[in-house]
Number of protein chains: 2
Amino acid sequence: MNLIDKNLMLDQNQEDRAQSIRDSLRDAIIDRRLGPGSKLAEAEVGALFDVSRTVVRSALQMLAYEGLVRIERNRGAFVSNPTPEEARQVFDTRRLIEPGIVRAATVRISKADIEDLRDHLTLEERFMNERGPAARRAEIKASGDFHLKIARHSGNAILEKFMDELVARSSLVIALYGRTGVSRCGHSEHRDLLDAMERCDADRACDLMLHHIDHIEADLDLREVAAMTLKDALAT
Amino acid sequence: MNLIDKNLMLDQNQEDRAQSIRDSLRDAIIDRRLGPGSKLAEAEVGALFDVSRTVVRSALQMLAYEGLVRIERNRGAFVSNPTPEEARQVFDTRRLIEPGIVRAATVRISKADIEDLRDHLTLEERFMNERGPAARRAEIKASGDFHLKIARHSGNAILEKFMDELVARSSLVIALYGRTGVSRCGHSEHRDLLDAMERCDADRACDLMLHHIDHIEADLDLREVAAMTLKDALAT
DNA sequence: ATTGGTATTGTTGTATGCAATATCGCATGC
DNA sequence: GCATGCGATATTGCATACAACAATACCAAT
């Protein structure tokens with residue numbers, strides 16, 4: 001018993017600071033408090049979190065690996081601005097894997113977890129009915145979280161990680177190319193999806209998920225964005 | 001440990017050194033020159049590549065992010081040894097995304113690229129007919145590369161990255177749980193797959209890919225491995 | 001012989017210093 | 001007025017120093 005207690009204590013005490021900085025930055029990017037292109041200076045971030053640049057660097061590299069941040073040598077880290085092509089790839093990938101996730105989750109999810117998701121939906125709807133940019137951000141965040149919660153019930157940690165990345169990148173894409181900011185129909189679609197899952201109708205749930213992703217993408221305006229620097233233009 | 005390719009290092013003069021160290025370690029893990037559980041001490045790796053621990057640390061963190069290395073706080077980095085459950089998740093995920101990759105690649109691939117893949121197949125077969133552990137390693141590496149090359153023709157960089165991770169993790173899994181080391185039927189299956197792609201028969205290609213993945217997984221012995229330390233046993 | 005405790009050694013986590021590189025401001029020339 | 005060149009400034013890349021922690025060796029006691 002001494003062994004176990006000790007291990008638990010250590011686990012709780014030692015929270016990884018780089019990890020928590022990563023999470024904070026990640027949330028800020030997904031919430032659009034940090035827009036695409038924003039500079040993330042090591043010293044500045046370090047001062048905010050009261051850590052050295054070493055730790056900040058580590059956090060930035062994680063974000064770079066999942067594509068939320070672009071690191072340019074000797075220039076620093078910037079919040080990514082995905083091209084329309086990258087945006088398409090994000091949604092193509094989601095179309096490929098989310099139906100499988102929904103199928104797995106439909107089989108495994110419990111009644112209690114369905115209830116939890118229903119609570120989440122009412123939260124989404126509350127944000128939907130509020131006005132203002134803060135509510136808009138909360139709405140987008142909650143909408144992504146719905147997809148992540150489903151992934152968490154797929155029983156597959158790898159798929160879960162992939163979805164983390166895809167949902168985060170989707171948020172960036174919507175920030176850049178979204179027309180209405182978030183599609184109006186999104187939430188009734190979430191509800192229909194959940195209903196199908198509750199009925200254990202996996203085929204229907206997959207179908208709804210596919211159309212849902214299509215609708216999210218249809219709300220984007222993926223024409224090449226105008227203001228491109230010469231440098232970026234030549235980089236392609 | 002003879003991991004270093006001096007020529008490669010010289011090529012990368014100004015390029016990102018951490019990246020090239022990551023690639024070298026990655027190859028060594030995939031090639032099983034570094035077996036699951038091996039300790040990767042920062043100072044040791046740094047001495048081999050003639051860089052400071054800072055750079056090594058960055059490389060190790062990348063590998064940890066893609067699941068090839070496990071970093072334990074204050075203890076260091078070790079080559080992962082995936083559990084049977086993780087192994088199943090790797091193959092479940094491959095079953096989910098590789099058919100889509102093959103479908104996309106079948107549409108987009110050119111005649112010349114098909115030829116290139118055919119050359120790759122003859123290489124695989126050569127390794128298959130050789131004896132000895134070096135040939136075995138080369139065979140496994142080439143087999144994974146076949147899947148990666150197809151992913152590279154999907155036209156989707158995100159899927160490509162996901163496949164990089166999945167193929168690397170598969171190699172680890174096969175190293176741990178493989179019976180014959182590499183399935184005998186694998187290469188004729190590769191050839192059949194390529195034939196279907198050449199005929200632009202995407203449905204057939206998807207089907208072949210699914211069965212191919214099943215066959216790889218069927219060659220594994222995923223019963224719980226015996227020798228578990230008490231510490232690991234309590235960690236679950 | 002085994003357990004428990006303590007000193008020693010080695011390794012990792014983080015901060016910081018220095019060199020290399022990019023960025024910005026300013027002056028100069030056209 | 002605008003562009004160009006140059007020096008000052010700021011920021012990153014990397015190595016290293018030191019602190020914190022874990023692993024090991026060693027010794028004493030039962």
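By convention in this document, chain letters (A, B, ...) are assigned in the order of the sequence lines, proteins followed by strands, and residues within each chain are numbered from 1. Model, not experiment: these values are computed from the prediction.
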Salt bridge present between A/D92 and A/R88 (N-O < 4.0 angstrom) = no

key: Nucleotide D/dC21, atom C1' - distance to CD of B/E72 in whole Å   = 14 Å

request  = To the nearest 0.5 Å, tell me how far A/R26 CZ sits from A/S171 OG.
outcome  = 9.0 Å

query = Can you name the nearest heavy-atom pair linking B/G67 to B/R169, along with the distance?
reply = CA-NH1, 3.9 Å

query = Taking CG from B/L40 and P from C/dT11, how many angstroms apart are they, rounded to a whole number?
reply = 13 Å

Nucleotide D/dC21, atom C1' - distance to CG of B/N74 in whole Å = 5 Å

Separation of D/dT11 P from A/F78 CZ (nearest whole Å) = 12 Å

Contact nearer the 5' end of DNA chain C, comparing A/V51 with B/G76 = B/G76

ask   = Does anything in residues 52-59 of chain A reach DNA chain D, meaning a heavy atom under 4.0 Å, and if so which residues?
value = A/R53, A/R57

key: Ring-face cation of B/K161 near A/Y65 (centre distance under 6.0 Å, axis angle within 45°)   = yes

request  = State, yes or no, whether a side-chain contact exists between B/F91 and B/I216 at a heavy-atom distance under 4.5 Å.
outcome  = yes

Atom pair distance, as rounded to whole Å: CZ in B/R73 and P in C/dT12 = 13 Å

task = Specify the separation, in whole Å, of atom NZ of A/K39 and atom C1' of C/dC24.
result = 13 Å

Spacing of B/D16 atom CG relative to D/dT12 atom P, expressed in whole Å = 15 Å

note = Rounded to whole Å, CZ of A/R17 lies from C1' of C/dT12 at a distance of 14 Å

task = Would you please classify the geometry between the B/H147 ring and the B/H212 ring as parallel, tilted or perpendicular, with 30° and 60° separating the classes?
result = parallel

